[in-house]
Amino acid sequence: MKTYDVVALGELLIDFTQNGFSEQGNGLFEANPGGAPCNVLSMLNNLGKKTAFIGKVGKDQFGLTLKKTLEELGIGTENLMMDEEVHTTLALVHTFEDGDRDFSFYRNPGADMMLRADELKEDLISDTRLFHFGTLSMTHDGVKDATIKAVTKAKEAGALISFDPNLREPLWDSLDHAKEEIRWGLGQCDILKISDNEIQWLTGKEDFTEGVAAIRAEFPIPLILVSMGKDGSRAYYQDGYVEVAPFLQENTIETTGAGDTFCACIINYVLDHGLTGLTDDQLQEMLTFANAAASIITTRKGALRVMPTFDEVQDYLSKNTLTRMDGNTTRRKVTMEIFDKMNELAKNAASKTGEVLEDTRLKTQILNDEKSIRELQAKIGAFYYKKFAAGEAVEDEVSEFCTAISVHLANIEQKKAALSSGKKTASEKENIHFDSDH
């Protein structure tokens, strides 16, 4: 029996979060303890898990405050190092009206990047059920060596590995370097939590399912979670996925820690239920709880000290789930083969409607067909899954939409054939343009 449920390695810092303005109109910032790995541990502690943190802070007032905070929260600090020379890392969090954020880091150097491999307590790493890490501990060679050693030791001891890229562009010397280190992390983990913009950047795929397929073609990760902000979240497992809608708050303050809260809830569920044989209902239950917890944290400033408790999340769910059972709860499991078929149809539609058309009347009709195709594609991505949540068969719905798209494609071909029999001169043809984006 392992002593710890989760051990995490990474950054522990002070988030200076915007908190109003002074009488002179200057921005006021509140010093909140933060750092993604410790945010995850804080939420896990609230869910009843035993945790410990590996990292380094400066032996300054901020560092002492952070150590005391972890001790008060019950997060193990036996491998939290104090640097005598380098100050604690600081981050200024500028919040936008929609709750999203922009970060400014004071970390050149910062104490978190000074952790060395020889400072790791290997017994601690071998004594955990799951090891969690991100990429901020991989931006510089020394702390990167410590991260690689810790992950290796954890795997050798039989621990599950969870990984959150948590890309912070200002902290990297180049995005190519960031991508290289993220790819290393993908090759180590059993659980990947990745945001919508991160997976699009990493894979070059706008469609999340295509992005996951690209990752899995190289890295066979059993469970991949895609957090989509205001669009909810997805759990990719085996040959398909389940999607759950978000719990949107009217009183969102900021989104700091939302992804970490979500990640912790996923880890907690896997620790309780295992990583094999998960059903669609279990994945939906997991995502629903995680989405609700993430929603709650957006109403609070900071994250580390104010993570919701299990009872708070359950109470929130009991008050809000019923309002989501009218079809707005989005649950779907669609095989990647079906989405490949949809993408093929979409590309076919684009190629057939993107050619130059020669007759105003037929051009208008073809534009209408194209509009209908786009609407059908939107239904595939939105309205269709709502129907599926009510229990209708996936294949039947896909067949219906694909058949309708095929009819519109046939109409386009027929009208193009009529156009080809026209008597337009070459000069007339050159003066006719068609914008496929209309």
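None of Leu64, Leu66, Asp60 except one satisfies the side chain to side chain contact (heavy atoms under 4.5 Å, CB included) rule with Met82; the exception is Leu64. Here the rule is side chain to side chain contact (heavy atoms under 4.5 Å, CB included) with Thr288, and of Val244, Val313, Leu283 only Val244 fits it.
Screening residues 31-46 for salt bridge (charged side-chain N to carboxylate O under 4.0 Å, His left out), with sequence neighbours left out, gives no hits.
A ring-centre distance under 6.0 Å is found for Phe289 and Phe310. Ring pair Phe16/Phe29: centre-to-centre distance not below 6.0 Å.
Of the charged side-chain nitrogens involved, none lies within less than 4.0 Å of a carboxylate oxygen, so that Arg116 and Asp145 do not count as a salt-bridged pair. Under the 4.0 Å criterion applied to side-chain N and carboxylate O atoms, Glu72 and Arg305 are assigned as salt-bridge partners. A salt bridge links Arg129 to Asp5: one of the charged nitrogens lies within less than 4.0 Å of a carboxylate oxygen. Salt bridge annotation for Glu85-Lys59: absent, with no cationic side-chain nitrogen under 4.0 angstrom from a carboxylate oxygen. Between Glu84 and Lys56 there is no salt bridge, since none of the side-chain N atoms of the basic residue sits less than 4.0 Å from a carboxylate O of the acidic one.
Counting non-hydrogen atoms of neighbouring residues, nucleotides and ligands closer than 6.0 angstrom, the CD atom of Glu78 exceeds 12 such neighbours. Taking a 6.0 Å sphere around OH of Tyr106, one finds it holds 12 or fewer heavy atoms contributed by other residues, nucleotides or ligands. The 12-atom threshold is exceeded at CD of Gln24, counting heavy atoms of other residues, nucleotides or ligands nearer than 6.0 Å. Counting non-hydrogen atoms of neighbouring residues, nucleotides and ligands closer than 6.0 angstrom, the NZ atom of Lys2 exceeds 12 such neighbours. Within a 6.0 Å sphere centred on CG of Asn26, heavy atoms belonging to other residues, nucleotides or ligands number more than 12. For NZ of Lys67, the number of neighbouring non-hydrogen atoms (other residues, nucleotides, ligands) closer than 6.0 Å is 12 at most. Atom CG of Asp123 sits in a sparse spot, with 12 or fewer heavy atoms from other residues, nucleotides or ligands closer than 6.0 Å.
Checked by atom type, the side-chain pair Thr255/Thr298 shows no donor-acceptor distance below 3.5 Å. With no hydrogens or angles considered, no side-chain donor-acceptor pair links Thr309 and Asn46 at under 3.5 Å. For Thr299 and Asn251, the side-chain atoms include no donor-acceptor pair closer than 3.5 Å. Checked by atom type, the side-chain pair Asn197/Ser195 shows a donor-acceptor distance below 3.5 Å. Donor-acceptor pairing under 3.5 Å is recorded for the side chains of Asn268 and Lys49.
A distance of 15.5 Å separates CZ of Phe262 from CG of Asn39, quoted to the nearest 0.5 Å. A distance of 6.0 Å separates CD1 in Ile54 from CG in Leu120, rounded to the nearest 0.5 Å.
No side-chain donor-acceptor contact under 3.5 Å links Glu11 to the backbone of Asp112. Using modelled atom types, no side-chain atom of His177 and backbone atom of Asp173 make a donor-acceptor pair closer than 3.5 Å. A donor-acceptor pair under 3.5 Å is formed between the side chain of Arg216 and the backbone N or O of Gln238. Checked by atom type and distance alone, the side chain of Asp15 never pairs as donor or acceptor with a backbone atom of Thr17 at under 3.5 Å. Between the Ser42 side chain and the Cys38 main chain, no donor and acceptor come within less than 3.5 Å of each other. Under the 3.5 Å distance criterion, the side-chain polar atoms of Thr147 are matched with a main-chain donor or acceptor of Val143. With hydrogens and angles ignored, the 3.5 Å screen pairs a side-chain donor or acceptor of Tyr237 with a backbone N or O of Leu278. A donor-acceptor pair is defined here as one N or O able to donate and one able to accept, closer than 3.5 Å; such a pair exists between the side chain of Arg300 and the backbone of Val306. Under the 3.5 Å distance criterion, the side-chain polar atoms of Thr88 are matched with a main-chain donor or acceptor of Gly63.
In this structure, the side chains of Leu225 and Leu192 stay at 4.5 Å or more apart for every pair of heavy atoms. At a threshold of 4.5 Å between non-hydrogen side-chain atoms, the residues Leu41 and Leu73 do not count as touching. Looking at heavy atoms from C-beta onward, Phe163 lies in side-chain contact with Thr135 at the 4.5 angstrom threshold. Between Ile191 and Ile161, every side-chain heavy-atom pair lies at or beyond the 4.5 Å cut-off. Contact annotation: the side chain of Val6 approaches that of Ile267 to within less than 4.5 Å [non-hydrogen atoms, C-beta and beyond].
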Stepwise salt bridge (Lys or Arg N to Asp or Glu O under 4.0 Å) test for Glu181 and Lys144
CA-CA 9 Å; Glu181 302 304 340; Lys144 172 185 171 181; 3.0 Å; yes

Begin with the C-alpha distance, continue with both residues' side-chain angles, and end with the deciding distance and a verdict on side-chain hydrogen bond (donor to acceptor under 3.5 Å, both in side chains) for Ser233 and Ser227.
CA-CA 5 Å; Ser233 60; Ser227 57; over 6 Å; no

Let me see the working for Lys149 and Glu156 under salt bridge (Lys or Arg N to Asp or Glu O under 4.0 Å), right down to the final yes or no.
CA-CA 11 Å; Lys149 180 179 179 180; Glu156 289 175 353; over 6 Å; no

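Figure legend: Lys179 and Trp201 shown as a cation-pi pair, the cationic atom lying under 6.0 angstrom from the six-membered ring centre and within 45 degrees of its axis.
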